[in-house]
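Quick notes on the structure that follows.
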Amino acid sequence: MSAATPTLHSTPLSRRVTDVIETVRWAPAPPWGRSAADHTRYLVYLAGSMLIWTVIGLGAAALIGLGLALLG
C-alpha cells in the first residue's frame with residue numbers, strides 16, 4: 001500500500017508579491033453605500049490606505065536619507 005502524496009506547485013515569492021500588489025492596485029474601493037456596514041467597510045479601507053501610503057512614504061524617505069548619509 002502506498003501513500004498518496006500531493007504535488008505542491010510552489011510559486012516563487014517574488015511572483016506572489018507581484019500578484020498581491022497587482023490585486024491591491026487594481027481592486028476598486030468599496031462604495032460608500034447606504035448601510036452602517038458599508039460605511040464602516042469604506043472607512044476601514046480609507047484608513048488602511050492612508051496608513052499604508054504613510055508607511056511607504058516614510059520608508060522611501062528613510063532610504064533616501066540612508067543613501068545621502070552613505071554618500072556624504
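Every side chain to side chain contact (heavy atoms under 4.5 Å, CB included) that L13 has, sequence neighbours left out, goes to R16, V17.
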Using distance only, find each side-chain donor-acceptor pair of residues 41-59 under 3.5 Å and give its atom names and separation, not counting sequence neighbours.
| from | atom 1 | to | atom 2 | distance (Å) |
| --- | --- | --- | --- | --- |
| R41 | NH2 | D38 | OD1 | 2.6 |
| T54 | OG1 | M50 | O | 2.7 |

List the atom pairs, donor and acceptor, that lie under 3.5 Å between side-chain atoms in residues 24-32 and the rest of the protein, sequence neighbours left out.
| from | atom 1 | to | atom 2 | distance (Å) |
| --- | --- | --- | --- | --- |
| R25 | NH1 | E22 | OE2 | 3.1 |
| W26 | NE1 | E22 | OE1 | 3.0 |
| W32 | NE1 | H39 | NE2 | 3.0 |

